[in-house]
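Single-structure report; data block below.
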Amino acid sequence: MTMEHHCLRPCPALQQCLNAVKNKLSKRSSGEPDTALKLSIIEGTIVIDHKPGHSRPGKSASVQIYSGTIVDTNTGKGKLSEKAYLKRKKSHKRNGTRTTTYTIKVNVEPEFGIPGAFIIENQHKHEFFIESATLQALENLSIYFDCRSWVYPMKHTQTSRIFFSNKNYLPSQTPLGLVDLREEELEDLRGDTLGERKEWHRVYGYDYYNDLGDPDKDPQLFRPTIGGTELPYPRRGKTGRRKCKKAPFSESRTQQMNFDVYVPPDERFSPKKLSEFTGNAIQAIVHFVIPEAKSLLLPEDSSFQSFREIKELFTREKGQKVEEGLIEKLRKVMPEHLVKKITHASKGGTMKFPMPSIAIDNEFAWREDEEFGRQMLAGTNPTRIRCIEQFPLKGKHGEIISSIKESDIENSLDGQSIIQVGISLSPVHINFKMFRDNFQYAWQAMKQWRIYILDHHDYLMPYLDKINSKGNVCAYASRTLVYLRNDATVKPLAIELSLPESEDHDGFNKVYHPAKEGTDAALWQLAKAHVLANDSAYHQLVTHWLHTHAVVEPFIIGMKRQLSTMHPIYRLLDPHFKDTMHINALARSILINAGGILENILFPGEICMQLSSKLYKEWRLDEQGLPIDLLKRRLALEERDNLTGVQILFQDYPYGLDGLDIYAAIQTWVVDYCSIFYKDDETLRKDDEVQEWWSEVRNIGHADKWTESWWTELTNVKDLTRFLTILIWITSGLHAAVNFGQYAYAGYPLNRPTLCRKFIPQEGTMEFSEFLKDTDKYFLQTLPNRFQSAISIALAEVLSRHTSDELYLGQRPPTEWTDHEEVLQKYEEFKKKLKEIEETIMGRNRNPKYKNRLGPAKIPYKLLNPDSSNDRYRGGITEKGIPNSISI
């Protein structure tokens with residue numbers, strides 16, 4: 001062969017490439033499939049809400065899908081699809097919020113595997129709220145994503161947003177394609193080094209309540225930091241705002257009231273809820289507060305002049321135009337868009353507000369002693385009453401601590417003697433089985449646990465001098481004894497009112513007795529008003545705010561920092577934590593802050609939160625479980641054969657009886673759920689995410705109580721289910737019981753005054769002469785003034801109102817919230833049980849032997865009726881229904 005021929009021979013490698021190209025071209029022309037170039041398509045829908053006035057994102061938003069099962073060897077994560085852009089399919093508008101369903105078509109490689117997550121980029125100028133997404137993968141596999149979060153523009157976040165599918169995985173079971181993504185997302189959510197949070201920052205951290213005061217605006221608005229050794233308290237969500245110039249430990253505040261406060265995007269109200277909540281608040285302000293604002297400018301007494309004037313607060317239908325001077329004042333404290341909404345709402349007729357239930361059937365039911373006692377069992381604060389252990393009342397060291405004597409109550413015991421109704425038995429040492437074995441002993445004990453106390457004494461005494469020194473309130477500490485009659489109604493026996501000794505005065509202590517007519521009856525009514533003021537403050541600051549809103553927030557923060565959204569416990573708790581951080585942030589902004597609503601309407605005034613801190617010292621999570629709570633208050637006996645472990649002492653305790661039914665249903669659901677994922681205790685001990693969550697909540701979220709012995713290590717599934725049951729009970733049943741009856745009872749100032757402006761007059765004084773001239777006038781002057789009452793009513797109205805998108809116990813988003821068949825089966829059993837409880841509660845309310853379920857006011861007890869079987873619109877004041885979460 002010549003050299004010329006040798007040079008023309010093709011290179012073998014080049015020849016191979018040319019042959020490959022030739023083969024591909026041949027296949028294309030012949031229509032044969034090309035596996036190297038062929039891509040599969042995954043179709044899907046994404047549902048997005050938009051704020052009023054915001055345009056839709058459309059093609060400004062793109063989606064990429066991660067495989068959960070096939071790993072990209074270059075990244076160590078699941079394979080990532082090409083980008084796909086949103087295409088609008090359909091849209092509708094409700095309550096000012098537009099919801100749009102978008103479609104996507106995503107190209108993926110043939111061997112892509114099963115989608116496990118997707119990321120979405122928002123290149124639009126506005127944020128939007130993503131409700132859910134559904135992907136149709138190969139072989140008609142439908143994969144659901146429960147999103148419910150805000151997605152902010154990339155120009156702010158500098159990163160895309162990830163969502164995981166509805167599959168549940170313990171950390172050790174995470175598909176390989178999602179392991180790194182799971183860990184990276186949790187690291188991003190912790191973001192511990194980040195400074196001030198902006199609205200798009202999806203970061204969770206803990207902080208003290210150092211954001212309640214505003215000393216830079218006014219030195220009188222300084223408030224001490226709540227949380228820490230001196231004033232212990234649960235931690236709140238961190239915001240990282242700059243510190244105040246005049247108080248370096250205090251965090252600065254925004255200068256205007258705004259309902260759209262900062263919380264991480266996952267915690268913010270949806271556009272629908274924010275719009276509805278804002279509208280409800282404005283209507284209440286316009287109807288109740290604006291008309292009474294002028295009373296602040298009047299030189300004369302701003303008290304109600306008659307009972308009829310109080311009733312007229314509810315019967316007026318038309319709004320009153322907001323005067324220009326008031327508009328200018330509003331502009332100083334709230335943004336212009338809220339001022340415009342208030343002025344607009346005030347121009348025409350406003351929505352009608354119903355008369356509070358306490359005054360519908362019997363206008364003067366609030367005066368009756370039976371109703372006064374009944375509300376301790378079935379009103380807005382049914383968790384404070386307890387059975388006394390001995391009489392006379394004694395302290396820890398056996399000393400007599402009360403001036404209530406046998407002679408004060410012996411003639412009011414329906415023929416019984418003190419000995420017959422006052423024996424000392426501790427439920428810690430007895431149980432119902434022991435009673436069954438000794439029926440005579442059981443009957444004797446049941447008969448003798450008859451004297452109960454509503455105690456607002458010891459915790460108040462150290463604060464009264466400071467409270468009363470302001471001159472605008474007059475407060476006592478109180479003890480109220482009541483008697484459980486044979487028909488289970490509660491009969492008041494005596495009220496003890498006290499003031500502490502000081503350098504300026506000798507103190508005060510006096511016992512008041514029930515009376516039906518004359519001067520004694522009027523004095524008794526004043527004594528009850530002071531008790532109710534005590535109870536109202538305790539209800540708002542402790543029963544409601546501290547024992548539900550505040551104690552739960554650290555568990556939410558810890559869950560978001562330590563539990564992946566794929567974790568089964570995250571999926572269990574998530575609906576019960578919905579919107580709580582947002583409503584708590586709003587409370588710190590306008591409710592519990594310095595100069596806020598509660599300081600203006602409750603008698604403790606500026607020390608409201610210090611008082612709440614004092615009572616946090618007594619808090620224990622384990623004792624917030626209803627069975628233990630009832631045992632502690634001697635309203636139940638141990639019964640280990642019972643699902644809840646207790647037997648209620650008497651059936652006509654509506655909160656206790658209905659509550660135990662709800663508690664048992666929650667407990668069964670939680671045990672069933674956890675048993676699916678934790679087959680043994682060892683699985684729980686090796687679950688790093690749950691262990692870190694529990695440790696962080698104990699050591700950081702509730703750091704001021706971390707050393708207390710009741711905190712147990714989560715080493716067994718039984719303890720896990722016990723604490724999860726308690727958490728779900730707090731966020732659902734307990735909160736519903738103490739919140740949604742507020743308008744019915746506290747919405748009528750005569751029934752539950754929040755403060756008193758006069759002490760009870762003593763014989764021989766000028767005040768007593770004034771009192772004798774017109775006892776009703778003196779009583780009305782004792783109550784909060786017109787403006788304080790209007791604020792109280794408006795607050796009760798807003799807090800008692802369900803929003804239309806509320807999800808109730810036994811309701812979750814469409815069944816796609818999980819793909820686990822056994823979980824869905826157990827959840828259906830839970831829903832069925834709740835339906836049975838609804839029917840049981842309605843039956844109890846129809847049973848005439850249960851007198852405390854209606855009372856003189858004829859208010860059926862429905863606060864623990866789940867109402868979860870009702871799928872119709874249920875926004876508004878219904879006095880029933882147990883929302884999943886603390887969302888108002």
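Positions are given from 1 along the sequence. Not measured: the values here are computed from a predicted model.
- Remark: Asp218 pairs with no residue by the side-chain hydrogen bond (donor to acceptor under 3.5 Å, both in side chains) rule, at least two apart or across chains.
- Take Tyr616 and apply the side-chain hydrogen bond (donor to acceptor under 3.5 Å, both in side chains) test, not counting sequence neighbours, and it matches His702.
- For Arg384, there are no salt bridge (Lys or Arg N to Asp or Glu O under 4.0 Å) partners two or more places apart in sequence or in a different chain.
- Annotation: ring pair (Phe, Tyr, Trp, His ring centres under 6.0 Å) contacts of His530 (sequence neighbours excluded): Tyr476.
- For the residue pair Ser887 and Glu806, a side-chain donor N or O sits within less than 3.5 Å of a side-chain acceptor on the partner.
- Taking the centre and axis of the six-membered ring of Trp706, the NZ or CZ atom of Arg698 falls outside the cone set by 45° and 6.0 Å.
- Applying the side-chain hydrogen bond (donor to acceptor under 3.5 Å, both in side chains) test between Glu696 and each of Gln562, Arg190, Gln691 identifies Gln562 as the sole match.
- Taken to the nearest 0.5 Å, the NZ atom of Lys198 stands 11.0 Å off from the OG1 atom of Thr239.
- By the 4.0 Å N-to-carboxylate-O rule, Arg752 lies close enough to Asp535 to be salt-bridged with it.
- Residues forming a ring pair (Phe, Tyr, Trp, His ring centres under 6.0 Å) with Phe723 (at least two apart in sequence, or on another chain): Trp694.
- In this structure the side chain of Ser612 reaches within 4.5 angstrom of the side chain of Tyr233, judged on heavy atoms.
- Once rounded to the nearest 0.5 Å, the distance linking CD1 of Ile726 with CZ of Arg620 reads 10.0 Å.
- In this structure, Leu170 and Pro568 have side chains that are in contact, with non-hydrogen atoms separated by less than 4.5 Å.
- Residues meeting the ring pair (Phe, Tyr, Trp, His ring centres under 6.0 Å) test with His549, sequence neighbours left out: His544, Trp545, His735.
- The closest side-chain heavy-atom distance from Thr225 to Leu231 is not below 4.5 Å.
- A heavy-atom distance below 4.5 Å is found between the side chains of Leu541 and Leu598.
- Using a 4.5 Å cut-off on side-chain heavy atoms (C-beta onward), Trp619 and Leu615 make no contact.
- In this structure, Val261 and Glu199 have side chains that are not in contact, with every pair of non-hydrogen atoms separated by 4.5 Å or more.
- Asp719 and Arg722 are joined by a salt bridge, as a carboxylate oxygen and a charged side-chain nitrogen come within less than 4.0 angstrom of each other.
- Both tests pass for Lys273 against the ring of Phe269: distance under 6.0 Å to the centre and angle within 45° of the axis.
- Checked for salt-bridge contact, Arg633 and Asp629 meet the test: a charged N lies under 4.0 Å from a carboxylate O.
- Put simply, the side chain of Arg253 gets close to the backbone of Ser589: a donor and an acceptor are under 3.5 Å apart.
- The shortest distance between side-chain heavy atoms of Ser149 and Glu267 does not fall below 4.5 Å.
- Checked against salt bridge (Lys or Arg N to Asp or Glu O under 4.0 Å), Lys470 has the following partners two or more places apart in sequence or in another chain: Glu606.
- At least one side-chain heavy atom of Tyr452 sits under 4.5 Å from a side-chain heavy atom of Cys387.
- Looking only at distances, a side-chain donor or acceptor of Lys705 sits under 3.5 Å from a matching main-chain atom of Lys617.
- His457 and Arg479 share a side-chain donor-acceptor pair at under 3.5 Å.
- Partners of Arg202 by salt bridge (Lys or Arg N to Asp or Glu O under 4.0 Å), not counting sequence neighbours, listed by chain and number: Glu185, Asp266.
- Partners of Asn509 under the side-chain hydrogen bond (donor to acceptor under 3.5 Å, both in side chains) rule, at least two apart in sequence or in another chain, are Ser403, Glu496, Ser498.
- Every residue two or more places apart in sequence or in another chain that forms a salt bridge (Lys or Arg N to Asp or Glu O under 4.0 Å) with Arg236 is listed here: Asp207, Asp211, Glu251.
- Formation of a donor-acceptor pair under 3.5 Å by the His456 side chain with backbone atoms of Ser478 is not found in this model.
- For Tyr459 and Tyr538, the distance between ring centers is under 6.0 angstrom.
- The ring pair (Phe, Tyr, Trp, His ring centres under 6.0 Å) search around Trp200 returns His156, not counting sequence neighbours.
- Judged as a side-chain hydrogen bond (donor to acceptor under 3.5 Å, both in side chains), and not counting sequence neighbours, Asp681 has no contacts.
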